[in-house]
Amino acid sequence: MITKYLWVGLLLASTYLLYSQDYFEIITCYFLSKGFNNLTQILFSSSEFSASPLELLQTNEKQKIFTKDELKKYTNIENGLYLSILGQIFDVTKGAKHYGPGASYHAFVGRDASLAFITGEFDEKELTDDISILSVQQIKMLDDWVQFYNENYIYKGKLLGRYFNKDGTPTIESFKVQQKLIHAKKKISDEEQKKIMFPSCNIEWKADVGSTVWCSKKSGGIERNWIGVPRMFFENSDSKKYRCVCANLDSKEYEENKGNFREYNGCAKSSIKCNIK
């Protein structure tokens with residue numbers, strides 16, 4: 001009985017010690033961070049998505065964490081030319097002709113100017129890491145920039161601030177960017193899927209005839225075992241913009257999206273070729 005109470009007492013004492021020394025909070029945050037990193041890996045392990053620059057969010061205790069003042073030291077050839085994008089730091093010294101003093105993109109060096117990568121404006125207001133005004137499509141474009149630096153320059157570490165904490169774990173702002181990036185990639189994936197389901201028509205223009213659209217088993221660069229018929233395809237029923245696609249009238253996809261199609265005037269319903277005035 002005494003042994004039983006002794007073990008209970010030790011357990012309570014250990015719990016109190018962990019809690020009073022903030023160890024409990026540290027351990028909780030650590031495993032939450034690890035859980036998010038595992039989720040990121042799962043989300044981007046699908047072959048339909050390219051590798052995400054935000055894969056670098058995963059915690060690595062050996063990575064250097066730069067402060068803003070430390071990063072400012074890397075603006076010359078002697079110390080090196082470092083820039084940050086979405087809190088990830090790259091050594092771009094080998095691209096000195098672009099990033100060195102007096103060069104076109106020197107304004108990017110020694111700071112995180114993520115917004116300017118998209119806006120193309122180099123005043124102090126635009127040379128910021130605050131990208132809250134960007135759309136999901138523009139964040140995908142920023143993602144492509146990080147891919148470029150990841151493939152062509154040396155990754156050096158993380159910048160303490162908006163996107164990373166002092167221990168290298170991602171901030172809430174990082175989570176928000178990640179979520180927008182997932183939405184952007186899903187939208188792109190959906191659009192690519194539509195191009196496969198509804199490939200573009202072949203198009204030809206002649207002065208005496210006008211435009212001619214037609215379908216083949218390879219039109220739109222999509223090889224398939226059906227030909228289809230030319231139709232105007234609207235992304236939604238309220239849109240005024242459309243593209244010419246080859247529709248398989250017997251397919252489930254056509255039936256599900258029937259309200260987004262319009263026939264060309266003067267073109268027979270089953271014709272694979274139409275002249276457009």
Side-chain angles (χ1 to χ4, degrees), residues 37 40-41 44 47 49-171 173-178 180-182 184-185 188:
N37 294 329
T40 302
Q41 292 176 348
F44 287 96
S47 60
F49 292 145
S50 61
S52 166
L54 295 181
E55 287 172 344
L56 293 176
L57 292 178
Q58 50 190 323
T59 302
N60 183 342
E61 292 78 3
K62 294 182 180 179
Q63 284 182 351
K64 180 171 176 57
I65 308 300
F66 292 76
T67 64
K68 291 183 179 181
D69 288 338
E70 287 174 327
L71 185 57
K72 288 177 182 178
K73 298 176 183 178
Y74 297 92
T75 58
N76 55 69
I77 303 298
E78 292 74 24
N79 294 338
L81 300 168
Y82 289 12
L83 62 76
S84 176
I85 180 169
L86 290 179
Q88 301 168 48
I89 297 172
F90 296 91
D91 181 348
V92 295
T93 307
K94 72 176 185 179
K97 65 179 181 179
H98 302 297
Y99 300 99
S104 302
Y105 302 116
H106 185 65
F108 288 122
V109 175
R111 67 173 89 199
D112 190 317
S114 295
L115 182 63
F117 280 92
I118 301 303
T119 64
E121 300 292 336
F122 294 161
D123 57 39
E124 287 302 315
K125 183 180 179 181
E126 303 290 324
L127 292 169
T128 176
D129 60 356
D130 183 359
I131 60 168
S132 56
I133 66 170
L134 298 183
S135 66
V136 291
Q137 291 86 354
Q138 289 173 317
I139 288 177
K140 176 60 177 68
M141 292 169 62
L142 197 57
D143 175 36
D144 294 338
W145 271 112
V146 184
Q147 293 278 13
F148 167 78
Y149 285 108
N150 222 11
E151 293 170 2
N152 294 279
Y153 293 99
I154 301 171
Y155 175 71
K156 300 300 292 186
K158 301 170 181 176
L159 180 63
L160 173 62
R162 186 180 297 273
Y163 298 106
F164 293 101
N165 298 309
K166 62 183 179 180
D167 61 352
T169 56
T171 63
E173 195 66 26
S174 292
F175 296 175
K176 291 179 181 178
V177 173
Q178 179 76 358
K180 289 180 179 179
L181 185 56
I182 291 171
K185 289 192 173 185
I188 291 172

Any donor-acceptor pair under 3.5 Å from [X] side chain to [Y] backbone:
X      : Y      : value
Ser114 : Ile85  : no
Asp91  : Ile154 : no
Tyr155 : Gly157 : yes
Lys176 : Ser132 : no
Asn165 : Asp167 : no
Lys156 : Ile89  : no
Thr171 : Arg162 : yes
Asn150 : Val146 : no

Side chains of [X] and [Y]: does their closest heavy-atom pair fall under 4.5 Å?
X      : Y      : value
Lys68  : Leu159 : yes
Gln88  : Phe164 : yes
Tyr163 : Ile131 : yes

Over all heavy atoms of both residues, which pair between [X] and [Y] is shortest? Give the atoms and the distance, please.
X      : Y      : value
Asp143 : Lys185 : OD2-CE, 3.3 Å
Phe175 : Pro170 : CE2-CG, 3.5 Å
His106 : Pro101 : ND1-N, 3.5 Å
Ala184 : Lys140 : CB-CB, 3.9 Å
Leu127 : Ala116 : CD2-CB, 3.8 Å
Ala96  : Ala103 : O-CB, 4.1 Å

So among Phe90, Phe108, Phe117, which one has a ring-ring contact (aromatic ring centres under 6.0 Å, His included) with Trp145? Phe117
Dump the intermediate steps for side chain to side chain contact (heavy atoms under 4.5 Å, CB included) on Leu134 and Leu115, then the final yes or no. CA-CA 8 Å; Leu134 298 183; Leu115 182 63; 3.7 Å; yes
What distance do [X] atom [atom1] and [Y] atom [atom2] have between them, rounded to the nearest 0.5 Å?
X      : Y      : atom1 : atom2 : value
Leu160 : Lys64  : CG    : NZ    : 11.0 Å
Thr75  : Leu83  : OG1   : CG    : 12.0 Å
Leu142 : Lys180 : CG    : NZ    : 11.5 Å
Glu126 : Asp123 : CD    : CG    : 5.0 Å

Passes side chain to side chain contact (heavy atoms under 4.5 Å, CB included), Glu173 versus Asp129? Steps please. CA-CA 11 Å; Glu173 195 66 26; Asp129 60 356; over 6 Å; no
Glu124: salt bridge (charged side-chain N to carboxylate O under 4.0 Å, His left out) partners, not counting sequence neighbours: Arg111
Counting heavy atoms not belonging to Tyr105, are there more than 12 under 6.0 Å from its OH? no
If you count the non-hydrogen atoms of other residues, nucleotides and ligands that lie under 6.0 Å from NZ in Lys72, is the total more than 12? no
Looking at Asp69, Ile65, Leu71, which one forms a side-chain contact (heavy atoms from CB on, under 4.5 Å) with Thr67? Asp69
My understanding is that only residues two or more places apart in sequence, or in another chain, count here; which of them pass ring pair (Phe, Tyr, Trp, His ring centres under 6.0 Å) with Tyr153? Tyr149
